[in-house]
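Count residues from 1 along the sequence. Worth saying up front: this structure is predicted, and the values here are computed from it rather than measured.
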Amino acid sequence: MVDMRTFRDEVSGWAGGGSGGPASDLAVRLGVRTAVLLEGPSDLAAVETLAARRGRDLAAEGVCVVQMGGAMSVARYAGLLGPPGLGLRLAGLCDAGEQGFFDRGLTRARAPRRGIFVCVADLEDELIRALGTPRVEEVVETEGDLRAWQTFVRQPAQHGRSRQQQLRRFLGTKKGRKIRYGHLLVEALDLDEVPAPLDDLLASL
């Protein structure tokens, strides 16, 4: 079955050096109008989870959420999907430290930057601050990661760090954990407490 996931896979192959023909054909068939550029899969999990919680079907609305495998790829993806390529409207979410890559990439692609929303540190940091550290620790315990978390905070490298800093680092210490918690932390949010960059991004689509 041809769906938005198929289009996303074709875009990834195109960005990796493949032909853009299949992606171009699928964009027309699926009515794709907007591409949301995200740094990684944990961001994608968070955006898709929030959309579902708000009753949005992004694929049906012609919105494709793309994770680029890092901010350094934004120029490539913006060129393929934006005005020089498929001519889609571009939106996105980035970490404050990676904003320069987005600014330069969008400038090269002659795409407006108003659809890009910036997290203070990164999305995990935004979600932890929105929930509060006690609530995040409850999620960690519910998910069966309490022992791993307790072992982590006892490490000498974590001494002197705030709970928020420790939690943010913990989420990145095991393969797949950031993706899983990208979904779980958004699920745990009250919908009136969604971090502004994430909330504004979804509202702009």
Side-chain angles (χ1 to χ4, degrees), residues 8 35-54 56 58 63 65-74 77 91-103 105 115-205:
R8 188 160 62 199
V36 181
L37 305 181
L38 303 174
E39 293 184 43
S42 63
D43 303 319
L44 187 148
V47 170
E48 291 191 332
T49 300
L50 181 60
R53 290 197 62 197
R54 292 206 185 279
R56 301 277 301 272
L58 295 182
V63 178
V65 185
V66 179
Q67 70 89 10
M68 304 177 294
M72 289 184 289
S73 298
V74 69
Y77 277 86
L93 191 71
C94 70
D95 303 345
E98 312 295 354
Q99 187 176 359
F101 289 111
F102 274 74
D103 288 346
I116 306 301
F117 300 89
V118 182
C119 298
V120 170
D122 55 25
L123 184 54
E124 288 75 26
D125 178 68
E126 295 275 2
L127 292 170
I128 292 167
R129 283 190 288 109
L131 284 164
T133 56
R135 182 72 183 99
V136 177
E137 289 186 79
E138 288 176 12
V139 175
V140 169
E141 182 174 6
T142 299
E143 287 303 302
D145 288 332
L146 181 60
R147 179 171 293 181
W149 164 241
Q150 291 173 334
T151 299
F152 175 80
V153 297
R154 287 196 295 267
Q155 295 175 358
Q158 301 309 314
H159 296 171
R161 289 184 172 176
S162 70
R163 214 56 161 178
Q164 181 174 328
Q165 291 170 325
Q166 291 171 339
L167 281 164
R168 180 175 169 233
R169 182 69 187 94
F170 175 72
L171 296 184
T173 56
K174 183 179 179 182
K175 184 177 175 63
R177 184 178 281 156
K178 280 182 71 172
I179 302 171
R180 184 159 58 96
Y181 277 90
H183 165 74
L184 292 168
L185 296 185
V186 173
E187 281 284 359
L189 281 170
D190 290 334
L191 286 178
D192 60 354
E193 296 180 348
V194 176
L198 182 59
D199 203 33
D200 292 345
L201 170 64
L202 191 63
S204 75
L205 301 177

Quiz item: Is Lys178 salt-bridged to Glu39, cutoff N-O under 4.0 Å?
Solution: no

Testing the basics here: between [X] and [Y], what is the closest heavy-atom pair and its distance to 0.1 Å?
X	Y	result
Ser204	Phe117	OG-CE1, 3.6 Å
Ala46	Leu123	CB-CD2, 3.5 Å
Arg54	Leu191	NH2-O, 3.0 Å
Leu93	Leu198	CD1-N, 4.2 Å
Arg53	Val186	NH1-O, 2.8 Å
Cys94	Phe102	CB-CE1, 3.3 Å

If you measure from [atom1] on [X] to [atom2] on [Y], what distance do you get to the nearest 0.5 Å?
X	Y	atom1	atom2	value
Leu50	Arg56	CG	CZ	9.0 Å
Leu184	Thr49	CG	OG1	8.5 Å
Gln158	Thr151	CD	OG1	12.0 Å
Tyr181	Leu167	OH	CG	9.5 Å
Leu38	Tyr77	CG	OH	11.0 Å
Arg180	Lys174	CZ	NZ	6.5 Å

Looking only at atom types and distance, does a side-chain atom of [X] sit under 3.5 Å from a main-chain N or O of [Y], one as donor and one as acceptor?
X	Y	result
Glu126	Val120	yes
Glu98	Asp95	no
Arg161	Arg169	no
Arg168	Ala121	no

Side chains of [X] and [Y]: closer than 4.5 Å at any heavy-atom pair?
X	Y	result
Asp125	Asp122	yes
Thr142	Val139	no
His183	Ile179	no
Ile128	Leu171	yes
Thr133	Ser162	no
Gln155	Thr173	no

Practice problem: Check the side chains of Gln166 and Arg163 for a donor-acceptor pair under 3.5 angstrom, ignoring hydrogens and angles. | Solution: yes

Quiz item: Could you walk me through whether Gln67 and Asp43 pass the side-chain hydrogen bond (donor to acceptor under 3.5 Å, both in side chains) check?
Solution: CA-CA 8 Å; Gln67 70 89 10; Asp43 303 319; over 6 Å; no

